[in-house]
Structure formats: structure tokens, C-alpha cells
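Below is one structure; the comments refer to it alone.
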Amino acid sequence: MVTPLLLAISLARYRIPTSPESVVQATKEHVLSFDDNDRVRQLCGEFGAYLRMVEEKSGATLTQRGTTIRLTGSAAPVDLAVRVLQQLYGLIESGSSVRAVDVHTALRVLKHEPKASLQAYFDDVILSDLNRRPIAPRSPGQRDYVRCLRENAVTFGVGPAGTGKTYLAVAAAVAAHANGDVKRIILTRPAVEAGEKLGFLPGDLTEKVDPYLRPLFDAMHEMIPGERVSRMLEKNEIEVAPLAFMRGRSLNHAFVVLDEAQNTTVEQMKMFLTRLGEGSRMVINGDPSQVDLPRGRASGLADALRILHGVGGIGVVHLTAVDVVRHPLVASIVRAYDKAYKDSH
């Protein structure tokens, strides 16, 4: 005869499986009580917009009453939402103003790095834009990228659109020039997307390359007043040129940003990298999944990453959909394309 005790021991020993339908996740409840009405209003956002963001992205249910916020749901979503709200409130207490982008940053960072300090992210400022908003990393990958920009003479930023590669590189260039670390900022990219030769485009050289370098210019105009950009262009403190015009030059005391590097040929990439001169820094950004070179031509970016692996003084950061800081839908689009590409290969 099997006693209830022996049966319990037997079941525990052999771990008889249960169907997924029979497993009910325990609901967790957590109550956050704050001490300042004005700060709680900032934390919640206008008409509770920030709370709804946290609720939607974390999966927890949030209910506010006065200075108290009640969180319910499964353990992981509730824990994430608690971390986000506590750290955002701490930022507000320290005098920071919280915006929607900061709430997205908090959710992104604390989901992937539960023990991260938001304050450390917000304090890692490269410079401020024209609206005096600090430009700082907004994801774990961006933080690695910014660290790499500071520590290496040559940095490769590899990843999909929307991960902030270009914007942060231009910010680092502007900061380096403002600090006197470099004398010039050089912006370049291969002009292959339009399928036309530059000579057939109207205008002088700047007007010819403007369509190709517009993303770099757009980023710079958010950081430097337009009239100052014009003066710096006149003084050759800012130079814009297609990659082909780098041949034969030695780039000294310059911060050089090469964008869309996946569209360089192997020969162009070698030529560009060997332009590095005294007191200069280079940033090479690209997305290997968006190569526009003619069929059969190897990408100089992929080739360089292979050849230069492990070379000292060269940093490589791989950004992913997790680091996308544009519209949240962009991250979903990137993931969908990545999945489709993997499935087809």
C-alpha cells in the first residue's frame, strides 16, 4: 500500500510533467509610495502618458492614486516597472526633467541591464544640442559605442538604421573640435546610392555631395548654429567630400566620420584607413545588411572587420535592434527583416 507521504516523495523525485495549460503564473503586487506630488506628476507625465508607456512596454498593470502607484502582474514585468519608476523618480529628485524619450531609454536599459544606473547613463554626456538637451547614450550598445569613440583612434560602428551611429559620431566630432582636441571635422561617405556619377550632378562640389552627406549635416545642425556651420565650412574647419576625394591625402589633427561604409569597396576602405594622420581619430559606420554595391563587389566594411580583428587601437561595436532609438516601430521592422534574412539562409 502506497501511503500519501511515499506518493508525494515519488512525485517530487520523478518530477511528473504538467501541461502548460495547468501552469498558472502567480500574480505579484507592489506598491510604490512617493513623497512629492509635483515630482509624481512629472513621473506620470501629462494625463498619465508616461505611466501608460511603462505599462505597455513592461507588461505590468499600473494604477495611480495620489502619490501612490500600485503595480500588478507577473513577477518579471512588475520588477521591471518598479525599477523604471524608482530610477526615473530618482532622476527627477536630482533635478533632471524627464521626457518621453527618457522613459523609453529607462525601459530599454533596465530591461537588458537590470542592475544598471540610469543616472550613470544620463551623466555620460557628450555635449548638449542647441536646445540644451544633453546628448548621451540611450542603450547598452550605445554606451559601449561612446566608450569606444573615446578610447580608440579608430572605431567601427556596425548595426542597423536608427541605432544612433551617425548622430553620436557627429556629436563626438563636434565635442572634440570644441575642446580643441582636433582642428577639423571631415565628413565623408561613398556616393553610390543614386547610381550617378558626381560629375553629372549640378552645382559645385558641396552641392554635388550634399544629397549624400545630408544625414551628417542634419545631425550637425542640431548641435551647431547654422551661421557657425557656414563659417566653419568657409574656414575649412568642417570639410565634406565624397570618399574618392580622400585619396593621396594625410588627415592630421582631424575627426573623420565615414558613413555608409558598407558601400565602400575593399580598395576604398584600405585607402581611407591609411589616411589616418597625427592627432586624428576615425569613425567608420555601416550596416552590412544594406550593401548597395554592384553584384559581385565585396564590401570594404566586411573585409576590414575580418582583417583588422584584434588589432590594438581599433574598437568595434556591434549594435542591434535593441539599440534602435528612433520610433519604436523601427526596432520591430529591423527584427522582422533580420528574421526573414536568417530564414532565407
Side-chain angles (χ1 to χ4, degrees), residues 24-124 129 131-143 160-164 167 222 319-336:
V24 179
Q25 289 189 328
T27 299
K28 182 175 182 177
E29 181 176 277
H30 191 104
V31 177
L32 291 173
S33 296
F34 301 104
D35 55 6
D36 188 287
N37 276 302
D38 290 336
R39 289 170 181 163
V40 170
R41 277 196 291 272
Q42 291 182 60
L43 178 67
C44 296
E46 190 173 7
F47 303 115
Y50 297 167
L51 283 190
R52 288 196 297 276
M53 281 186 207
V54 175
E55 190 172 57
E56 178 185 350
K57 296 298 181 182
S58 69
T61 299
L62 280 62
T63 307
Q64 181 211 356
R65 179 168 294 180
T67 58
T68 298
I69 300 175
R70 186 179 302 275
L71 305 92
T72 57
S74 300
V78 169
D79 290 343
L80 171 60
V82 168
R83 291 194 300 272
V84 167
L85 294 176
Q86 286 177 330
Q87 292 215 36
L88 286 175
Y89 191 81
L91 289 173
I92 294 169
E93 280 185 314
S94 68
S96 298
S97 58
V98 170
R99 300 170 292 152
V101 66
D102 302 322
V103 179
H104 283 299
T105 297
L107 286 160
R108 182 186 303 110
V109 168
L110 295 174
K111 180 177 181 180
H112 296 278
E113 290 188 359
K115 295 183 179 180
S117 165
L118 278 186
Q119 190 69 59
Y121 272 81
F122 280 68
D123 288 345
D124 193 11
D129 66 15
N131 295 315
R132 297 187 177 181
R133 293 176 302 203
I135 298 173
R138 296 189 200 166
S139 73
Q142 283 196 354
R143 185 181 60 179
T163 50
Y167 192 77
E222 289 189 28
L319 299 154
T320 68
V322 171
D323 303 299
V324 171
V325 294
R326 288 183 188 166
H327 191 287
L329 188 56
V330 174
S332 299
I333 292 170
V334 169
R335 291 191 187 96

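All heavy atoms count here, side chains included; hydrogens, waters and symmetry mates do not. Because the structure is a prediction, the values reported are computed rather than measured.
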Between Q119 and S94, what is the shortest heavy-atom contact and its length?
-> OE1-OG, 3.5 Å
Evaluation steps, side chain to side chain contact (heavy atoms under 4.5 Å, CB included), between D102 and L91 = CA-CA 10 Å; D102 302 322; L91 289 173; 5.9 Å; no
Residue pair T67, D36: steps toward the side chain to side chain contact (heavy atoms under 4.5 Å, CB included) verdict | CA-CA 7 Å; T67 58; D36 188 287; over 6 Å; no
How long is the span from the OG atom in S58 to the CD atom in E55, to the nearest 0.5 Å?
-> 7.0 Å
S139 versus R108, closest heavy-atom pair with distance = CB-CD, 3.5 Å
With sequence neighbours left out, write down each residue that passes ring-ring contact (aromatic ring centres under 6.0 Å, His included) with F122, or none if nothing qualifies.
-> none
Do K111 and V322 have side-chain heavy atoms sitting under 4.5 Å apart?
-> no
Once you round to the nearest 0.5 Å, how far does CG of L110 lie from NZ of K115?
-> 13.0 Å
Cut-off 3.5 Å, no hydrogens considered: what does the side-chain donor-acceptor table look like for residues 59-66, sequence neighbours left out?
unit_1	atom_1	unit_2	atom_2	d
Q64	NE2	G66	O	3.0

4.5 Å side-chain heavy-atom contact, V103 and V98 = yes
What are the two closest non-hydrogen atoms of V78 and G73, and how far apart are they?
-> CG2-N, 3.5 Å
Closest heavy-atom contact between Q87 and L118?
-> OE1-N, 2.8 Å
Considering non-hydrogen atoms only, spot the tightest contact between T68 and S33 and give its length.
-> OG1-OG, 3.7 Å
Do any N or O atoms from the side chain of S74 and from the backbone of A76 form a donor-acceptor pair under 3.5 angstrom?
-> no
When you look at CZ of R99, are more than 12 heavy atoms from neighbouring residues, nucleotides or ligands closer to it than 6.0 Å?
-> yes
Separation of S96 OG from D123 CG (nearest 0.5 Å) | 7.5 Å
If every non-hydrogen atom of I135 is compared with every non-hydrogen atom of Y167, which pair is closest and at what distance?
-> CD1-OH, 3.6 Å
Value rounded to 0.5 Å, distance of CZ in R143 from CD in E113 | 4.0 Å
Can you tell me how far SG of C44 sits from CZ of R52, rounded to the nearest 0.5 angstrom?
-> 10.5 Å
From L107 atom CG to H112 atom NE2, the distance as rounded to the nearest 0.5 Å | 10.0 Å
Between T163 and D323, does any side-chain donor sit less than 3.5 Å from a side-chain acceptor?
-> no
Between N131 (side chain) and R133 (backbone), is there a donor-acceptor pair under 3.5 Å?
-> no
Stepwise side chain to side chain contact (heavy atoms under 4.5 Å, CB included) test for Y50 and L85 = CA-CA 10 Å; Y50 297 167; L85 294 176; over 6 Å; no
Hey, does the side chain of R83 reach the backbone of A116 with a donor-acceptor pair shorter than 3.5 angstrom?
-> no
Without swapping roles, check the side chain of D124 against the backbone of Y121 for a donor-acceptor pair under 3.5 Å.
-> no
